[in-house]
Protein chains: 2
Amino acid sequence: MLTIGEFAQMTHLSVRTLRRYHEAGLLEPARVDPSSGYRYYDAAQIPVAQVISRLRELDVPLANVRKILLTQDPAARAALVAEHLQRLEEQLARTQAAVASLQRLLRPEPAGVAVELRQVPEQLVAAVEATVTHADVLAWYAGAMAELDTVVREPVGPAGGLYDNALFTHGRGHVLVHVPIAEPVPAVGRVRSIELPAAELAVAVHGGAHDTIDVTYGELGRWVADHALAVAGPVCETYLVGPRDTPVAAHWRTEIGWPVFRVTGAV
Amino acid sequence: MLTIGEFAQMTHLSVRTLRRYHEAGLLEPARVDPSSGYRYYDAAQIPVAQVISRLRELDVPLANVRKILLTQDPAARAALVAEHLQRLEEQLARTQAAVASLQRLLRPEPAGVAVELRQVPEQLVAAVEATVTHADVLAWYAGAMAELDTVVREPVGPAGGLYDNALFTHGRGHVLVHVPIAEPVPAVGRVRSIELPAAELAVAVHGGAHDTIDVTYGELGRWVADHALAVAGPVCETYLVGPRDTPVAAHWRTEIGWPVFRVTGAV
DNA sequence: CTCAACCCTCCCTCTGCGGGAGGGTGCACA
DNA sequence: TGTGCACCCTCCCGCAGAGGGAGGGTTGAG
């Protein structure tokens, strides 16, 4: 039987951390003295503590560590670990994208995005909509678009999405993805046929992956601000070339439409 | 002049986050209304906000972001960014090591480390010592060892280190690195000639990089516990083959000496 | 039997983000 | 000129996972 201090020496985990792991149900001491509360560990628990330590080095949340430890079946356990490694790889990809984008931003050559003012007529679309958080929007978008694809056989234009301002200002908002159609389709699942109202948009096109789309948003927003046009509704993205057209992110083209009130007299 | 909400839309940062960045001195609004406290931003601040956003994606702490933004000289700024990228790479290496080690740990084949009981005589050494935290110990070690190398011309054995138990149990403790010598050397900088006392050690050898040295610590500690030998002092590491001998981490050999009281009658 | 080293619990701190309460502002429209 | 509503403000609390430290009980060697 080892005291918590001895166990800490052998595992290189601090006494505090061991107590926290006990409290979290990750590493129950072999025995706890009922009167004094002293924790006593068994030498057989050393490898368990080391597995925990390795998982924490990989930033696996304590709750997931618990789940992994409670999983007896080696295959299921390996799957849980693999799932986390998957997440690490995605994070690595995001990190690399951020590095590339940062280097571009720090070079003092403004991109100079072309902005155009456009009158968009009302449009019949098949749509899926929901209120989601900023963190969930990517996953939700993928599901909604897949569902749209199963229902809409003959789209008459590229897919698009309407993004409530609150999504950006407060991290949660109303989102609608749509595919333009010629004739109404029956309501299936979450898909509904609706008519998007006509709009006046300031439009810019973003080329490449969506990691850096905020740069184009910034340029477009700046243009709108410079031209003193009031904002009046959700932003409208149109996926001219997207993941469904080519897997090469560099070839994607996304049109961003920023709603404005026409200030000049021409109607 | 843009309100905080408009600025949030253009930069894809939440209103809350912008307020926090203001408070932290990262992104001062172009104007703050003295009576209402309303923040007003300039469109020219959009790229700045985007740089902050990219740095935060790279997990640069707000304090460092501030430092980077306050640095006018592009070269110095690039150096700060490069420094952080360096840290990211090190972290990546640690992550990969943790993955490899985890896979080994989850395979149910115990390594089976050979442990030996050894009487070590007193030894004259040139040493550098300090009280450091667990997080700092690697950097401190590198500096101390480099300083030792400049003073000691003729070591009579491999370098080693004494690690106070508190370093492991409480994350901060006394550490001493040393090189054995035949004759005392003059005190230069932090280097002193001292005599390490004789000791009784349980000894095991760890092969490979230090990422996984806790596994050998665990095996050794378990052996000591199984043989009911009381611990009585700092752990002693000896770097039989280390980074100064070969850059190939897989070839390193580190001897770990765990102080014990001899229980058998033989003296 | 004494005393130091150890252990316990409880509460606070840090970082960077979000939620929500309670209350003041700005501006279009009547 | 009021009214209403969207917007803005500050202040406090929550989360994760680690450390710091206070105040007090236990253990065990001399």
What pairs of nitrogen or oxygen atoms, one from the protein and one from nucleotides 26-30 of chain D, lie under 3.5 Å apart?
unit_1: dT26(D); atom_1: O4'; unit_2: Tyr38(A); atom_2: OH; d: 3.0

Polar atoms only, N or O, under 3.5 Å: list the protein pairs with nucleotides 11-14 of chain D and their distances.
none

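Sorted by residue number, the members of residues 55-65 of chain B with any non-hydrogen atom under 4.0 Å from DNA chain C read Arg56(B), Pro61(B), Leu62(B). Within residues 83-103 of chain A, no residue has any heavy atom under 4.0 Å from DNA chain D.
Within 4.0 Å (heavy atoms only), Arg39(A) reaches sugar-phosphate atoms of the nucleic acid but no base atom.
Contacts classified as ring pair (Phe, Tyr, Trp, His ring centres under 6.0 Å) and involving residues 4-32 of chain B (residues at least two apart or in different chains) are given here: Phe168(A)-His12(B), Tyr217(A)-His12(B), Phe7(B)-Tyr41(B).
Listed by chain and number, the residues in a side chain to side chain donor-acceptor pair (under 3.5 Å) with Asp33(A) are Ser35(A) (sequence neighbours excluded). For Thr17(B), the side chain to side chain donor-acceptor pair (under 3.5 Å) partners at least two apart in sequence or on another chain are Ser14(B). Not counting sequence neighbours, the partners of His206(A) by the side chain to side chain donor-acceptor pair (under 3.5 Å) test are Thr216(A).
Within the 4.5 Å cutoff, no side-chain heavy atoms of Leu18(A) are placed close to those of Arg39(A). Using a 4.5 Å cut-off on side-chain heavy atoms (C-beta onward), Leu162(A) and Leu196(A) make contact. When side chains are defined from C-beta on, Thr169(B) counts as touching Gln9(A), because their heavy atoms get closer than 4.5 Å. Tyr38(B) has its side chain out of reach of Val32(B): every pair of non-hydrogen atoms, C-beta onward, lies at least 4.5 Å apart.
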Using a 3.5 Å cut-off and no angle test, enumerate the donor-acceptor pairs between side-chain atoms of residues 48-56 of chain B and protein atoms at least two apart in sequence or in another chain.
unit_1: Gln50(B); atom_1: NE2; unit_2: Asp214(A); atom_2: O; d: 2.5
unit_1: Arg54(B); atom_1: NE; unit_2: Ser101(A); atom_2: OG; d: 2.5
unit_1: Arg54(B); atom_1: NH1; unit_2: Asp214(A); atom_2: OD2; d: 2.9
unit_1: Arg54(B); atom_1: NH2; unit_2: Ser101(A); atom_2: OG; d: 3.3
unit_1: Arg54(B); atom_1: NH2; unit_2: Asp214(A); atom_2: OD1; d: 2.7
unit_1: Arg56(B); atom_1: NH1; unit_2: Val60(B); atom_2: O; d: 2.7

Donor-acceptor contacts under 3.5 Å from residues 83-91 of chain A side chains, at least two apart:
unit_1: Glu83(A); atom_1: OE2; unit_2: Arg87(A); atom_2: NH2; d: 3.1
unit_1: His84(A); atom_1: NE2; unit_2: Leu58(A); atom_2: O; d: 2.8

For residues 132-141 of chain B, which side-chain N or O atoms pair as donor and acceptor with protein atoms under 3.5 Å away, sequence neighbours left out?
unit_1: Thr133(B); atom_1: OG1; unit_2: Asp136(B); atom_2: N; d: 3.4
unit_1: Thr133(B); atom_1: OG1; unit_2: Asp136(B); atom_2: OD2; d: 2.9

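The CG-C1' distance, from Leu18(B) to dC7(D), rounds to 15 Å in whole Å. The separation between Arg19(A) atom CZ and dA18(D) atom P is 14 Å, rounded to whole Å.
When DNA chain C is scanned in the 5' to 3' direction for atoms under 4.0 Å from non-hydrogen atoms of chain A, the outermost contacting nucleotides are dC6(C) to dG19(C).
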Dump the intermediate steps for side chain to side chain contact (heavy atoms under 4.5 Å, CB included) on Asn64(A) and Lys67(A), then the final yes or no. CA-CA 5 Å; Asn64(A) 294 19; Lys67(A) 223 183 291 172; 4.1 Å; yes
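Note that the CD atom of Glu237(A) and the NE2 atom of His178(A) stand 10.0 Å from one another [nearest 0.5 Å]. Between atom CD1 of residue Ile46(B) and atom CG of residue Leu2(B) there is a gap of 6.0 Å, rounded to the nearest 0.5 Å.
Proximity of a side-chain donor or acceptor of Arg118(B) to a complementary backbone N or O of Leu201(B) within less than 3.5 Å is not detected.
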